[in-house]
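Report on the following structure.
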Amino acid sequence: MGTTLTAGDLRKGIKLEIDGEPYIVVDFEFAKPGKGQALYRCRLRNMITGSQFDRTYRSGDKFTGADLEEQQMQFLYHDGKRYHFMNTSSYDQLELIEEQVGDAVNYLTENQMTDMLLFQGRPIGVSLPNFVNLKVARADPWLKGDTASGGTKPITLETGFVLQGPLFIEEGETLKIDTRTGTYVERVK
Amino acid sequence: MGEREILAAKRARLELRAQVLNSARLFFSERGFLEVQTPLLAFELAPEPQIEPIPADEKGFLVTSPELFMKRLLAAGYEKIFQISPAFRRGERGRRHHPEFTLLEWYRIGVDYGALQQDCRELLTTLCRGAGRDRGWFYQKRWLEAGEDWQVLTVREAFREFVGWDPGLDSDETRFDTDLVEKVEPHLGFPRPCILKDYPANQAALARLKPDDPSVAERFELYWAGIELANGFSELTDAREQRRRFEAALEMRRQLGYPPYPLPEAFLDSMAHLPPCAGIAFGIDRLVMLLADADNLDQVVAFPPE
(Lines give C-alpha, C1' and ligand atoms only; values in the text may rest on other atoms or scores of the structure.)
Protein backbone atom coordinates (compact mmCIF):
# COMPACT_ATOMS: atom_id res chain seq x y z
CA MET A 1 0.00 0.00 0.00
CA GLY A 2 1.43 3.40 -0.99
CA THR A 3 1.66 6.38 1.31
CA THR A 4 -1.21 8.88 1.53
CA LEU A 5 -0.50 12.20 -0.14
CA THR A 6 -2.43 15.47 -0.17
CA ALA A 7 -2.76 18.00 -2.96
CA GLY A 8 -0.04 20.06 -1.27
CA ASP A 9 2.46 17.24 -1.93
CA LEU A 10 1.89 17.36 -5.70
CA ARG A 11 4.84 18.44 -7.81
CA LYS A 12 6.73 17.36 -10.88
CA GLY A 13 8.05 13.82 -10.57
CA ILE A 14 5.58 12.66 -7.88
CA LYS A 15 4.16 9.20 -8.60
CA LEU A 16 0.52 8.46 -7.86
CA GLU A 17 -1.72 5.44 -8.06
CA ILE A 18 -4.98 6.18 -9.88
CA ASP A 19 -7.52 3.41 -10.59
CA GLY A 20 -4.88 0.82 -9.77
CA GLU A 21 -2.28 2.15 -12.20
CA PRO A 22 0.90 4.15 -11.60
CA TYR A 23 1.08 7.72 -12.89
CA ILE A 24 3.87 10.25 -12.78
CA VAL A 25 3.27 14.02 -12.67
CA VAL A 26 5.16 15.32 -15.72
CA ASP A 27 3.94 18.91 -15.60
CA PHE A 28 2.63 20.84 -12.65
CA GLU A 29 1.26 24.29 -11.99
CA PHE A 30 -0.02 25.84 -8.80
CA ALA A 31 -2.72 28.48 -9.23
CA LYS A 32 -4.66 30.34 -6.55
CA PRO A 33 -6.72 33.50 -6.43
CA GLY A 34 -5.37 35.50 -3.45
CA LYS A 35 -8.32 34.72 -1.24
CA GLY A 36 -9.62 31.70 -3.11
CA GLN A 37 -8.95 28.00 -3.28
CA ALA A 38 -5.68 26.58 -4.51
CA LEU A 39 -5.80 24.67 -7.80
CA TYR A 40 -3.15 22.08 -8.56
CA ARG A 41 -3.02 21.57 -12.31
CA CYS A 42 -1.24 18.38 -13.27
CA ARG A 43 -0.31 16.58 -16.45
CA LEU A 44 -0.13 12.91 -15.61
CA ARG A 45 1.54 10.14 -17.57
CA ASN A 46 0.54 6.53 -17.15
CA MET A 47 3.79 4.75 -16.38
CA ILE A 48 2.66 1.54 -18.08
CA THR A 49 0.88 2.73 -21.22
CA GLY A 50 2.57 6.13 -21.59
CA SER A 51 -0.77 7.86 -22.21
CA GLN A 52 -1.15 11.36 -20.73
CA PHE A 53 -4.00 13.43 -19.42
CA ASP A 54 -4.53 16.74 -17.60
CA ARG A 55 -6.36 17.01 -14.33
CA THR A 56 -6.88 19.83 -11.82
CA TYR A 57 -6.92 18.96 -8.13
CA ARG A 58 -7.95 21.12 -5.17
CA SER A 59 -6.73 21.47 -1.63
CA GLY A 60 -8.29 18.72 0.43
CA ASP A 61 -7.93 16.11 -2.35
CA LYS A 62 -6.07 13.01 -1.20
CA PHE A 63 -4.00 10.50 -3.15
CA THR A 64 -2.19 7.23 -2.79
CA GLY A 65 1.46 7.34 -3.74
CA ALA A 66 2.35 4.67 -6.30
CA ASP A 67 4.14 1.72 -4.70
CA LEU A 68 7.19 1.63 -6.96
CA GLU A 69 10.47 -0.14 -6.42
CA GLU A 70 13.64 -0.23 -8.44
CA GLN A 71 15.76 -3.38 -8.54
CA GLN A 72 19.09 -4.04 -10.20
CA MET A 73 18.62 -7.00 -12.56
CA GLN A 74 20.82 -8.73 -15.06
CA PHE A 75 19.54 -9.55 -18.54
CA LEU A 76 20.05 -13.27 -19.13
CA TYR A 77 18.71 -14.16 -22.58
CA HIS A 78 15.95 -13.73 -25.12
CA ASP A 79 14.13 -16.91 -26.07
CA GLY A 80 12.42 -15.47 -29.14
CA LYS A 81 9.32 -14.50 -27.19
CA ARG A 82 10.38 -13.37 -23.78
CA TYR A 83 13.23 -11.51 -22.21
CA HIS A 84 14.59 -13.16 -19.07
CA PHE A 85 16.12 -11.20 -16.20
CA MET A 86 17.61 -12.15 -12.84
CA ASN A 87 18.10 -10.29 -9.57
CA THR A 88 21.78 -10.95 -8.87
CA SER A 89 21.40 -10.88 -5.09
CA SER A 90 18.22 -12.92 -4.60
CA TYR A 91 18.56 -14.93 -7.86
CA ASP A 92 14.85 -14.32 -8.45
CA GLN A 93 14.05 -14.40 -12.14
CA LEU A 94 11.35 -12.71 -14.16
CA GLU A 95 10.37 -12.53 -17.81
CA LEU A 96 9.07 -9.63 -19.87
CA ILE A 97 7.53 -9.39 -23.31
CA GLU A 98 9.02 -7.03 -25.87
CA GLU A 99 6.46 -4.24 -25.25
CA GLN A 100 7.35 -4.20 -21.57
CA VAL A 101 11.06 -3.92 -22.31
CA GLY A 102 10.43 -1.01 -24.68
CA ASP A 103 13.37 0.77 -26.31
CA ALA A 104 15.81 -1.15 -24.15
CA VAL A 105 15.48 -4.14 -26.56
CA ASN A 106 17.77 -2.18 -28.90
CA TYR A 107 20.68 -2.31 -26.46
CA LEU A 108 20.27 -5.49 -24.39
CA THR A 109 23.06 -8.03 -24.59
CA GLU A 110 23.51 -11.04 -22.36
CA ASN A 111 24.70 -10.21 -18.82
CA GLN A 112 23.85 -6.49 -19.23
CA MET A 113 22.89 -4.94 -15.87
CA THR A 114 19.62 -2.98 -15.88
CA ASP A 115 17.41 -1.08 -13.46
CA MET A 116 14.01 -2.75 -13.36
CA LEU A 117 11.04 -0.66 -12.20
CA LEU A 118 8.40 -2.67 -10.33
CA PHE A 119 4.87 -1.52 -9.52
CA GLN A 120 3.33 -3.62 -6.74
CA GLY A 121 5.93 -6.24 -7.55
CA ARG A 122 5.08 -6.28 -11.27
CA PRO A 123 7.76 -5.12 -13.73
CA ILE A 124 6.71 -2.06 -15.73
CA GLY A 125 9.92 -0.75 -17.20
CA VAL A 126 13.59 -1.35 -17.77
CA SER A 127 16.17 1.39 -17.75
CA LEU A 128 19.74 1.04 -18.94
CA PRO A 129 22.94 2.94 -18.23
CA ASN A 130 23.14 6.11 -20.36
CA PHE A 131 25.97 4.56 -22.39
CA VAL A 132 26.51 0.95 -23.49
CA ASN A 133 29.20 -0.66 -25.66
CA LEU A 134 27.93 -2.80 -28.55
CA LYS A 135 29.65 -4.70 -31.35
CA VAL A 136 29.05 -3.89 -35.02
CA ALA A 137 27.40 -6.89 -36.69
CA ARG A 138 27.22 -5.39 -40.15
CA ALA A 139 28.55 -2.26 -41.83
CA ASP A 140 29.00 -1.71 -45.54
CA PRO A 141 32.62 -1.21 -46.55
CA TRP A 142 33.73 2.38 -46.97
CA LEU A 143 34.02 3.23 -50.69
CA LYS A 144 36.52 6.04 -51.07
CA GLY A 145 35.01 9.01 -52.88
CA ASP A 146 31.45 8.22 -51.79
CA THR A 147 30.23 11.55 -50.52
CA ALA A 148 26.59 11.29 -51.61
CA SER A 149 25.54 9.76 -48.27
CA GLY A 150 26.53 12.89 -46.33
CA GLY A 151 29.31 11.28 -44.34
CA THR A 152 27.28 8.61 -42.55
CA LYS A 153 26.09 5.11 -43.30
CA PRO A 154 23.75 2.57 -41.68
CA ILE A 155 25.37 0.33 -39.08
CA THR A 156 23.75 -2.82 -37.70
CA LEU A 157 24.64 -3.64 -34.08
CA GLU A 158 24.82 -7.10 -32.51
CA THR A 159 21.33 -6.57 -31.05
CA GLY A 160 19.90 -5.98 -34.54
CA PHE A 161 19.46 -2.26 -33.92
CA VAL A 162 20.36 -0.10 -36.91
CA LEU A 163 21.73 3.40 -36.52
CA GLN A 164 23.67 5.95 -38.55
CA GLY A 165 27.42 6.21 -37.94
CA PRO A 166 30.59 7.51 -39.59
CA LEU A 167 31.83 5.98 -42.85
CA PHE A 168 35.01 4.56 -41.29
CA ILE A 169 33.18 2.12 -38.96
CA GLU A 170 33.87 -1.54 -39.78
CA GLU A 171 32.34 -4.88 -38.85
CA GLY A 172 33.59 -6.30 -35.57
CA GLU A 173 34.40 -2.96 -33.99
CA THR A 174 32.87 -1.93 -30.63
CA LEU A 175 30.92 1.33 -30.41
CA LYS A 176 29.78 3.46 -27.49
CA ILE A 177 26.05 4.20 -27.88
CA ASP A 178 23.90 6.74 -26.02
CA THR A 179 20.82 4.76 -24.97
CA ARG A 180 18.75 7.91 -24.34
CA THR A 181 18.98 9.07 -27.94
CA GLY A 182 19.96 5.88 -29.76
CA THR A 183 22.97 7.60 -31.31
CA TYR A 184 26.61 6.73 -31.94
CA VAL A 185 29.12 8.41 -29.59
CA GLU A 186 32.57 6.98 -30.42
CA ARG A 187 34.62 3.90 -31.21
CA VAL A 188 35.88 1.89 -28.26
CA LYS A 189 39.37 0.44 -28.65
CA MET B 1 25.64 26.96 -13.01
CA GLY B 2 26.78 27.36 -9.45
CA GLU B 3 25.13 29.70 -6.99
CA ARG B 4 27.60 32.54 -7.62
CA GLU B 5 26.93 32.52 -11.36
CA ILE B 6 23.15 32.35 -10.85
CA LEU B 7 23.20 35.30 -8.45
CA ALA B 8 25.53 37.32 -10.68
CA ALA B 9 23.22 36.73 -13.66
CA LYS B 10 20.30 38.15 -11.67
CA ARG B 11 21.92 41.52 -11.12
CA ALA B 12 19.81 43.48 -13.64
CA ARG B 13 16.60 42.06 -12.18
CA LEU B 14 17.63 42.76 -8.61
CA GLU B 15 18.49 46.32 -9.63
CA LEU B 16 15.04 46.64 -11.21
CA ARG B 17 13.50 45.36 -7.99
CA ALA B 18 15.40 47.96 -5.94
CA GLN B 19 14.27 50.64 -8.39
CA VAL B 20 10.62 49.64 -7.96
CA LEU B 21 10.92 49.71 -4.15
CA ASN B 22 12.59 53.13 -4.18
CA SER B 23 9.99 54.57 -6.57
CA ALA B 24 7.16 53.19 -4.45
CA ARG B 25 8.57 54.72 -1.26
CA LEU B 26 8.99 58.08 -2.98
CA PHE B 27 5.48 57.89 -4.46
CA PHE B 28 3.83 57.43 -1.07
CA SER B 29 6.02 59.77 0.96
CA GLU B 30 5.42 62.56 -1.58
CA ARG B 31 1.70 62.05 -1.09
CA GLY B 32 1.91 62.39 2.67
CA PHE B 33 1.77 58.69 3.62
CA LEU B 34 3.71 57.59 6.68
CA GLU B 35 5.84 54.48 6.19
CA VAL B 36 5.24 52.04 9.05
CA GLN B 37 6.68 48.70 10.13
CA THR B 38 4.50 46.20 11.92
CA PRO B 39 5.48 42.81 13.37
CA LEU B 40 6.23 39.82 11.17
CA LEU B 41 5.69 37.56 14.16
CA ALA B 42 2.03 37.92 15.10
CA PHE B 43 -0.17 36.30 17.70
CA GLU B 44 -3.50 36.85 16.01
CA LEU B 45 -4.60 36.90 12.42
CA ALA B 46 -7.73 37.30 10.35
CA PRO B 47 -9.32 33.86 9.94
CA GLU B 48 -9.61 33.13 6.23
CA PRO B 49 -10.87 29.86 4.78
CA GLN B 50 -8.16 29.57 2.13
CA ILE B 51 -5.04 31.19 3.58
CA GLU B 52 -2.73 29.12 5.77
CA PRO B 53 -0.25 30.78 8.12
CA ILE B 54 3.19 29.39 8.90
CA PRO B 55 3.35 28.73 12.65
CA ALA B 56 6.23 30.36 14.51
CA ASP B 57 7.16 30.46 18.15
CA GLU B 58 4.81 28.58 20.46
CA LYS B 59 1.57 30.42 19.84
CA GLY B 60 2.53 32.74 17.00
CA PHE B 61 2.43 32.92 13.21
CA LEU B 62 4.41 34.65 10.53
CA VAL B 63 2.05 37.32 9.22
CA THR B 64 -0.02 36.39 6.14
CA SER B 65 -0.49 40.16 5.61
CA PRO B 66 0.08 43.22 7.81
CA GLU B 67 -3.60 44.20 7.39
CA LEU B 68 -4.79 43.91 10.98
CA PHE B 69 -1.86 45.90 12.39
CA MET B 70 -2.29 48.59 9.74
CA LYS B 71 -5.96 49.02 10.62
CA ARG B 72 -5.15 49.22 14.32
CA LEU B 73 -2.97 52.22 13.43
CA LEU B 74 -5.86 53.81 11.49
CA ALA B 75 -8.11 53.28 14.51
CA ALA B 76 -5.54 55.20 16.59
CA GLY B 77 -5.75 58.23 14.30
CA TYR B 78 -3.12 57.63 11.60
CA GLU B 79 -4.70 58.87 8.35
CA LYS B 80 -2.45 57.66 5.53
CA ILE B 81 0.03 54.84 6.03
CA PHE B 82 1.96 52.44 3.84
CA GLN B 83 4.26 49.52 4.38
CA ILE B 84 6.53 47.29 2.33
CA SER B 85 6.51 44.01 4.19
CA PRO B 86 7.33 40.35 3.73
CA ALA B 87 4.26 38.12 4.08
CA PHE B 88 4.12 34.37 4.49
CA ARG B 89 1.57 31.80 3.33
CA ARG B 90 2.00 28.13 3.86
CA GLY B 91 1.99 25.76 0.91
CA GLU B 92 1.87 28.43 -1.82
CA ARG B 93 4.56 27.51 -4.31
CA GLY B 94 4.33 27.92 -8.05
CA ARG B 95 5.40 30.15 -10.90
CA ARG B 96 3.36 33.00 -9.43
CA HIS B 97 3.50 32.04 -5.76
CA HIS B 98 6.20 31.95 -3.11
CA PRO B 99 5.48 31.05 0.52
CA GLU B 100 7.44 34.22 1.40
CA PHE B 101 6.70 37.28 -0.73
CA THR B 102 6.69 41.07 -0.56
CA LEU B 103 3.51 43.07 -0.11
CA LEU B 104 3.11 46.80 -0.55
CA GLU B 105 0.08 47.79 1.52
CA TRP B 106 -1.45 51.22 1.85
CA TYR B 107 -4.45 52.50 3.78
CA ARG B 108 -6.35 55.80 3.75
CA ILE B 109 -9.14 57.10 5.92
CA GLY B 110 -12.16 58.97 4.56
CA VAL B 111 -12.13 57.34 1.11
CA ASP B 112 -13.55 54.22 -0.51
CA TYR B 113 -12.15 51.68 -2.97
CA GLY B 114 -12.61 54.13 -5.88
CA ALA B 115 -9.79 56.30 -4.49
CA LEU B 116 -7.54 53.23 -4.27
CA GLN B 117 -8.22 52.40 -7.92
CA GLN B 118 -7.03 55.89 -8.82
CA ASP B 119 -3.96 55.41 -6.59
CA CYS B 120 -3.20 52.24 -8.56
CA ARG B 121 -3.33 54.08 -11.87
CA GLU B 122 -0.93 56.74 -10.67
CA LEU B 123 1.33 54.28 -8.85
CA LEU B 124 1.75 51.98 -11.86
CA THR B 125 2.42 54.92 -14.17
CA THR B 126 5.12 56.11 -11.76
CA LEU B 127 6.68 52.67 -11.23
CA CYS B 128 6.74 51.97 -14.97
CA ARG B 129 8.44 55.31 -15.61
CA GLY B 130 11.03 54.55 -12.92
CA ALA B 131 11.70 51.19 -14.56
CA GLY B 132 12.01 52.72 -18.03
CA ARG B 133 8.82 50.97 -19.16
CA ASP B 134 6.61 54.06 -19.57
CA ARG B 135 6.31 53.57 -23.33
CA GLY B 136 5.18 49.98 -22.97
CA TRP B 137 7.04 46.70 -23.47
CA PHE B 138 6.55 43.07 -24.42
CA TYR B 139 5.82 40.73 -21.53
CA GLN B 140 6.26 37.13 -22.71
CA LYS B 141 5.60 38.30 -26.28
CA ARG B 142 2.46 40.30 -25.43
CA TRP B 143 2.36 44.07 -25.44
CA LEU B 144 1.76 45.85 -22.12
CA GLU B 145 1.45 49.53 -21.33
CA ALA B 146 0.44 51.34 -18.15
CA GLY B 147 -1.70 54.23 -19.41
CA GLU B 148 -4.49 55.52 -17.19
CA ASP B 149 -7.51 54.52 -19.19
CA TRP B 150 -8.10 51.06 -17.76
CA GLN B 151 -10.84 48.53 -18.30
CA VAL B 152 -13.08 48.28 -15.24
CA LEU B 153 -15.31 45.19 -15.04
CA THR B 154 -17.58 44.00 -12.31
CA VAL B 155 -17.20 40.34 -11.36
CA ARG B 156 -20.72 39.80 -12.64
CA GLU B 157 -19.93 41.35 -16.04
CA ALA B 158 -16.71 39.35 -16.35
CA PHE B 159 -18.42 36.04 -15.55
CA ARG B 160 -21.26 36.76 -17.97
CA GLU B 161 -18.81 37.60 -20.72
CA PHE B 162 -16.16 34.91 -20.27
CA VAL B 163 -17.89 32.08 -18.41
CA GLY B 164 -21.61 32.37 -19.04
CA TRP B 165 -23.08 32.09 -15.56
CA ASP B 166 -24.04 34.69 -12.99
CA PRO B 167 -22.03 34.50 -9.77
CA GLY B 168 -24.73 36.61 -8.12
CA LEU B 169 -27.16 33.70 -8.41
CA ASP B 170 -24.84 30.83 -7.59
CA SER B 171 -22.75 30.71 -4.45
CA ASP B 172 -20.60 27.66 -5.27
CA GLU B 173 -17.15 28.96 -4.32
CA THR B 174 -15.23 26.05 -5.80
CA ARG B 175 -16.85 26.62 -9.17
CA PHE B 176 -16.27 30.36 -8.81
CA ASP B 177 -12.55 29.98 -8.06
CA THR B 178 -12.00 27.42 -10.81
CA ASP B 179 -13.74 29.47 -13.48
CA LEU B 180 -12.07 32.65 -12.28
CA VAL B 181 -8.61 31.10 -12.68
CA GLU B 182 -9.26 29.13 -15.84
CA LYS B 183 -11.73 31.26 -17.81
CA VAL B 184 -11.70 34.85 -16.55
CA GLU B 185 -8.16 35.74 -15.46
CA PRO B 186 -6.47 34.84 -18.78
CA HIS B 187 -8.46 37.67 -20.46
CA LEU B 188 -7.75 40.40 -17.94
CA GLY B 189 -5.20 43.18 -18.32
CA PHE B 190 -4.04 43.30 -21.96
CA PRO B 191 -2.42 45.63 -22.83
CA ARG B 192 -3.38 47.84 -19.88
CA PRO B 193 -4.18 46.82 -16.32
CA CYS B 194 -7.78 45.87 -15.56
CA ILE B 195 -9.86 46.33 -12.45
CA LEU B 196 -12.20 43.50 -11.50
CA LYS B 197 -14.57 44.78 -8.84
CA ASP B 198 -17.68 44.10 -6.76
CA TYR B 199 -17.16 40.55 -5.54
CA PRO B 200 -20.12 38.45 -4.40
CA ALA B 201 -20.96 39.23 -0.76
CA ASN B 202 -19.89 35.74 0.34
CA GLN B 203 -16.34 36.62 -0.78
CA ALA B 204 -16.21 40.00 0.93
CA ALA B 205 -13.44 39.00 3.37
CA LEU B 206 -12.84 42.26 5.27
CA ALA B 207 -14.62 44.54 2.78
CA ARG B 208 -17.85 46.43 3.39
CA LEU B 209 -20.91 45.61 1.31
CA LYS B 210 -21.96 48.11 -1.31
CA PRO B 211 -24.46 50.48 0.31
CA ASP B 212 -26.79 50.50 -2.74
CA ASP B 213 -26.36 46.78 -3.58
CA PRO B 214 -25.56 44.58 -0.57
CA SER B 215 -25.33 41.49 -2.79
CA VAL B 216 -21.76 42.57 -3.61
CA ALA B 217 -18.78 43.82 -1.62
CA GLU B 218 -16.69 46.92 -2.37
CA ARG B 219 -13.68 44.79 -3.14
CA PHE B 220 -11.53 44.89 -6.27
CA GLU B 221 -8.57 43.08 -7.72
CA LEU B 222 -6.04 44.58 -10.07
CA TYR B 223 -4.99 42.36 -12.98
CA TRP B 224 -2.25 42.85 -15.52
CA ALA B 225 -1.26 40.36 -18.20
CA GLY B 226 -3.73 37.89 -16.67
CA ILE B 227 -1.93 38.07 -13.33
CA GLU B 228 -3.49 39.17 -10.05
CA LEU B 229 -1.42 42.06 -8.71
CA ALA B 230 -3.48 43.60 -5.90
CA ASN B 231 -6.57 43.22 -3.77
CA GLY B 232 -8.22 46.27 -2.23
CA PHE B 233 -11.42 47.17 -0.45
CA SER B 234 -13.52 49.76 1.23
CA GLU B 235 -12.89 48.42 4.71
CA LEU B 236 -15.63 46.98 6.86
CA THR B 237 -15.79 49.11 10.02
CA ASP B 238 -18.66 47.33 11.79
CA ALA B 239 -17.06 45.23 14.53
CA ARG B 240 -20.15 43.09 15.09
CA GLU B 241 -20.42 42.20 11.40
CA GLN B 242 -16.67 41.56 11.28
CA ARG B 243 -16.88 39.17 14.23
CA ARG B 244 -19.75 37.32 12.56
CA ARG B 245 -17.70 36.93 9.34
CA PHE B 246 -14.64 35.72 11.24
CA GLU B 247 -16.79 33.16 13.04
CA ALA B 248 -18.21 32.00 9.70
CA ALA B 249 -14.68 31.71 8.29
CA LEU B 250 -13.61 29.65 11.30
CA GLU B 251 -16.65 27.41 10.89
CA MET B 252 -15.78 26.90 7.23
CA ARG B 253 -12.20 26.04 8.21
CA ARG B 254 -13.54 23.51 10.70
CA GLN B 255 -15.68 21.88 8.00
CA LEU B 256 -12.69 21.74 5.65
CA GLY B 257 -10.57 20.15 8.36
CA TYR B 258 -8.13 23.06 8.62
CA PRO B 259 -6.63 24.07 11.97
CA PRO B 260 -8.58 26.59 14.06
CA TYR B 261 -7.27 29.90 15.35
CA PRO B 262 -8.45 32.22 18.08
CA LEU B 263 -10.45 35.27 17.04
CA PRO B 264 -8.27 38.40 16.63
CA GLU B 265 -9.65 40.17 19.70
CA ALA B 266 -7.16 43.06 19.79
CA PHE B 267 -8.13 43.94 16.23
CA LEU B 268 -11.85 43.55 16.91
CA ASP B 269 -11.53 45.83 19.95
CA SER B 270 -9.77 48.50 17.87
CA MET B 271 -12.61 48.48 15.34
CA ALA B 272 -14.75 50.58 17.68
CA HIS B 273 -12.54 53.51 16.61
CA LEU B 274 -11.91 52.54 12.99
CA PRO B 275 -13.04 55.42 10.73
CA PRO B 276 -14.37 54.86 7.19
CA CYS B 277 -11.28 53.84 5.24
CA ALA B 278 -9.91 51.80 2.38
CA GLY B 279 -6.81 49.65 2.02
CA ILE B 280 -5.01 47.50 -0.49
CA ALA B 281 -2.31 44.84 -0.71
CA PHE B 282 -0.13 44.89 -3.81
CA GLY B 283 2.29 42.12 -4.81
CA ILE B 284 5.67 43.67 -5.51
CA ASP B 285 7.36 40.48 -6.73
CA ARG B 286 4.74 39.92 -9.42
CA LEU B 287 5.04 43.49 -10.68
CA VAL B 288 8.83 43.14 -10.89
CA MET B 289 8.28 39.87 -12.77
CA LEU B 290 6.12 41.71 -15.33
CA LEU B 291 8.52 44.64 -15.68
CA ALA B 292 11.47 42.26 -16.06
CA ASP B 293 9.66 40.13 -18.67
CA ALA B 294 10.38 37.16 -16.38
CA ASP B 295 8.32 34.01 -16.70
CA ASN B 296 8.29 33.23 -12.98
CA LEU B 297 8.97 34.67 -9.54
CA ASP B 298 12.14 32.65 -9.00
CA GLN B 299 13.85 34.90 -11.53
CA VAL B 300 13.17 38.12 -9.61
CA VAL B 301 14.21 37.19 -6.08
CA ALA B 302 17.80 36.48 -5.15
CA PHE B 303 17.02 33.29 -3.24
CA PRO B 304 13.89 31.41 -4.35
CA PRO B 305 12.36 29.06 -1.76
CA GLU B 306 13.82 25.51 -1.72
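Protein chains get the first letters and strands the later ones, always in sequence-line order, with residue 1 at the start of each.
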Measuring from A/Phe30:CZ to B/Glu92:CD, what's the distance to the nearest 0.5 Å?
5.0 Å
Need one label for A/Gln37: side chain, backbone, both or neither, based on atoms under 4.5 Å from any heavy atom in chain B.
both
A/Arg138, CZ: over 12 other non-hydrogen atoms inside 6.0 angstrom
no
Is the backbone of A/Gly34 close enough, under 3.5 Å, to the side chain of B/Glu228 for a donor and an acceptor to pair up by distance?
yes
Does a side-chain heavy-atom distance below 4.5 Å link B/Arg93 with A/Arg11?
no
So for B/Phe176, is it side chain, backbone, both, or neither that comes closer than 4.5 Å to the heavy atoms of chain A?
neither
If one checks every heavy atom of A/Thr56 against chain B at 4.5 Å, the contacting part turns out to be side chain
Heavy-atom pairs under 4.5 Å with chain A, option from B/Arg96, B/Glu221, B/Glu182 with the top count:
B/Glu182
What part of A/Arg41 is in contact with chain B, defined as an atom under 4.5 angstrom from a non-hydrogen atom: side chain, backbone, both or neither?
side chain
Which portion of B/Arg89 sits near chain A, non-hydrogen atoms under 4.5 angstrom:
side chain
With a 4.5 angstrom heavy-atom cut-off, is it the side chain or the backbone of B/Gln203 that approaches chain A, or both, or neither?
neither
Distance from A/Lys35 atom NZ to B/Glu173 atom CD, nearest 0.5 Å?
13.0 Å
Donor-acceptor pair, distance only, cut-off 3.5 Å: does the side chain of A/Lys32 make one with the backbone of B/Gln50?
yes
Greater than 12 external heavy atoms within 6.0 Å of A/Arg43's CZ:
no
Should we count CZ of B/Arg156 as having more than 12 external heavy atoms under 6.0 Å?
yes
Nearest heavy atoms of A/Pro33 and B/Asp177, plus distance in Å:
CG-OD1, 4.1 Å
Check whether more than 12 heavy atoms from other residues, nucleotides or ligands sit under 6.0 Å from atom CG of A/Asp103, and answer yes or no.
no
Crowded around B/Arg142 CZ? As in, over 12 foreign heavy atoms under 6.0 Å?
no
If you draw a 6.0 Å radius around OH in A/Tyr91, do more than 12 non-hydrogen atoms from other residues or ligands fall strictly inside?
no
Side chain, backbone, both or neither: which part of B/Leu256 has a heavy atom under 4.5 Å from chain A?
neither
Please check if atom CE in B/Met252 has more than 12 non-hydrogen atoms from other residues, nucleotides or ligands closer than 6.0 Å.
no
